[in-house]
*Asks:* 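Below: one structure in structure tokens.
Quick note: numbers below take in every heavy atom, side chains included, and nothing from hydrogens, waters or symmetry partners. Index from 1, following the sequence.
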Amino acid sequence: MSSSPYIAPNADLKNAPLAPPSSPVKAVLCGAAVDIGGSLVVGMVVGIVYGIMLVGQGLSAEQAMTSLKDTAEGSWFWITCMAFGVGTSVLGGFVCARMSRRSDYRLGFILAAISVTFGLVFGSSAHSLAITAGMAALTAGAVLLGTRLGKARLAAS
């Protein structure tokens, strides 16, 4: 090693080997857990915070529960839940793409189909057909955006 501060040190630098790809099933299941599970957890946390705010404004517990169940589409609570749901969908697609280490969108489409199906089965009865279709398209787009971001991150590494 040279003692001059103006000369770069000699080091044998190598890129760390990448982890091997996970199985496609594992990648899709982990992405679905992040998307669906994250949406449920965030929805519960936001609901609890909103319920506490309602009770703090003088509503009884029963009135707060009724207000939570009858949330209007377009209210700040509904929009906040939707925004966090879209965020968890993007993150789920990202996790799926990073774990699978594949260059195509096939697993992203599978994850999007699972997420949309879950949303249709458990949430379609509460909304109009137009809102349900919009939420399904938004979910699929968010998952595919996350897949794209995961692929870009993979290409950069």
Side-chain angles (χ1 to χ4, degrees), residues 18-157:
L18 294 174
S22 293
S23 76
V25 173
K26 183 179 176 182
V28 169
L29 289 177
C30 286
V34 168
D35 181 4
I36 297 166
S39 295
L40 292 174
V41 168
V42 167
M44 285 190 310
V45 169
V46 171
I48 289 169
V49 169
Y50 185 51
I52 291 170
M53 287 174 49
L54 290 174
V55 170
Q57 293 174 354
L59 272 68
S60 68
E62 293 80 23
Q63 290 171 328
M65 288 299 292
T66 303
S67 179
L68 280 170
K69 288 179 186 175
D70 298 333
T71 301
E73 296 164 351
S75 68
W76 74 268
F77 174 69
W78 189 80
I79 291 171
T80 302
C81 288
M82 287 296 297
F84 280 118
V86 167
T88 60
S89 294
V90 170
L91 186 60
F94 182 84
V95 166
C96 179
R98 291 285 291 167
M99 286 184 71
S100 70
R101 297 195 181 276
R102 293 196 172 30
S103 62
D104 59 2
Y105 283 93
R106 182 175 42 119
L107 297 180
F109 281 113
I110 292 170
L111 177 59
I114 290 170
S115 296
V116 167
T117 302
F118 187 85
L120 291 175
V121 168
F122 291 104
S124 64
S125 63
H127 304 289
S128 67
L129 181 61
I131 295 293
T132 301
M135 289 190 313
L138 189 61
T139 299
V143 169
L144 293 175
L145 173 64
T147 303
R148 173 67 185 119
L149 294 173
K151 285 175 37 133
R153 177 79 177 175
L154 236 158
S157 59

*Asks:* Tell me every residue that passes side-chain contact (heavy atoms from CB on, under 4.5 Å) with S75, counting only those two or more places apart in sequence or in another chain.
*Replies:*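 side-chain contact (heavy atoms from CB on, under 4.5 Å) check on S75 returns T71, F77, W78.
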*Asks:* By side-chain contact (heavy atoms from CB on, under 4.5 Å), which residues pair with L29, not counting sequence neighbours?
*Replies:*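 Only V25 meet the side-chain contact (heavy atoms from CB on, under 4.5 Å) criterion with L29.
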*Asks:* Applying salt bridge (Lys or Arg N to Asp or Glu O under 4.0 Å), can you list everything that pairs with R153, at least two apart in sequence or on another chain?
*Replies:*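 In terms of salt bridge (Lys or Arg N to Asp or Glu O under 4.0 Å), with neighbours along the sequence ignored, R153 is linked to no residue.
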*Asks:* Go through I114 and I36 one step at a time and tell me if the side chain to side chain contact (heavy atoms under 4.5 Å, CB included) criterion holds.
*Replies:* CA-CA 9 Å; I114 290 170; I36 297 166; 4.3 Å; yes
*Asks:* Using 0.5 Å steps for rounding, measure from the CE atom of M99 to the OG atom of S23.
*Replies:*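 Answer rounded to 0.5 Å: 7.5 Å.
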*Asks:* For T147, what residues pass the side-chain hydrogen bond (donor to acceptor under 3.5 Å, both in side chains) criterion, not counting sequence neighbours?
*Replies:*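 Result, side-chain hydrogen bond (donor to acceptor under 3.5 Å, both in side chains) vs T147: none returned.
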*Asks:* Looking at residues at least two apart in the chain, or sitting in another chain, which of them share a side-chain hydrogen bond (donor to acceptor under 3.5 Å, both in side chains) with T139?
*Replies:*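 T139 satisfies side-chain hydrogen bond (donor to acceptor under 3.5 Å, both in side chains) with no residue once adjacent residues are dropped.
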*Asks:* Please list all pairs meeting salt bridge (charged side-chain N to carboxylate O under 4.0 Å, His left out) that have one or both residues in residues 105-122, counting only residues at least two apart or in different chains.
*Replies:*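 Salt bridge (charged side-chain N to carboxylate O under 4.0 Å, His left out) check on residues 105-122 returns D104-R106.
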*Asks:* Just how far is it from atom CG of L91 to atom CZ of R98, taken to the nearest 0.5 Å?
*Replies:*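 Rounded to the nearest 0.5 Å, the CG-CZ separation comes out at 12.0 Å.
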*Asks:* Not counting sequence neighbours, list each pair that qualifies as a ring pair (Phe, Tyr, Trp, His ring centres under 6.0 Å) and has a residue in residues 132-157.
*Replies:*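 The answer is none; no pair qualifies.
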*Asks:* CD/Q57 to CG/L54 distance, rounded to the nearest 0.5 angstrom?
*Replies:*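 So the CD of Q57 and the CG of L54 are separated by 5.5 Å.
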*Asks:* Suppose we screen for side-chain contact (heavy atoms from CB on, under 4.5 Å). Which residues come up paired with L138, at least two apart in sequence or across chains?
*Replies:*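 L138 satisfies side-chain contact (heavy atoms from CB on, under 4.5 Å) with M82, V86 once adjacent residues are dropped.
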*Asks:* Got a sec, which residues hit side-chain contact (heavy atoms from CB on, under 4.5 Å) with T66, two or more places apart in sequence or on another chain?
*Replies:*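 By the side-chain contact (heavy atoms from CB on, under 4.5 Å) rule, T66 matches D70.
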*Asks:* Counting only heavy atoms not in F118, do more than 12 sit closer than 6.0 Å to its CZ atom?
*Replies:*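 Correct, the count exceeds 12.
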*Asks:* In this structure, which one of L111, V143, V34 forms a side-chain contact (heavy atoms from CB on, under 4.5 Å) with S89?
*Replies:*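 Among L111, V143, V34, the one that satisfies the side-chain contact (heavy atoms from CB on, under 4.5 Å) with S89 is V143.
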*Asks:* Not counting sequence neighbours, list each pair that qualifies as a ring pair (Phe, Tyr, Trp, His ring centres under 6.0 Å) and has a residue in residues 129-157.
*Replies:*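 Every candidate ring pair (Phe, Tyr, Trp, His ring centres under 6.0 Å) pair involving residues 129-157 fails, so no pair, neighbours aside, qualifies.
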*Asks:* Which residues satisfy the ring pair (Phe, Tyr, Trp, His ring centres under 6.0 Å) test with F109, sequence neighbours excluded?
*Replies:*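 So F109 forms no ring pair (Phe, Tyr, Trp, His ring centres under 6.0 Å) with any residue.
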*Asks:* Can you measure from CG (L144) to CG (L149) and round to the nearest 0.5 angstrom?
*Replies:*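 These two atoms lie 11.0 Å from each other.
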*Asks:* Identify, with sequence neighbours excluded, every residue that meets side-chain hydrogen bond (donor to acceptor under 3.5 Å, both in side chains) alongside S115.
*Replies:*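 Partners of S115 by the side-chain hydrogen bond (donor to acceptor under 3.5 Å, both in side chains) criterion, ordered by chain and then number, come out as D35.
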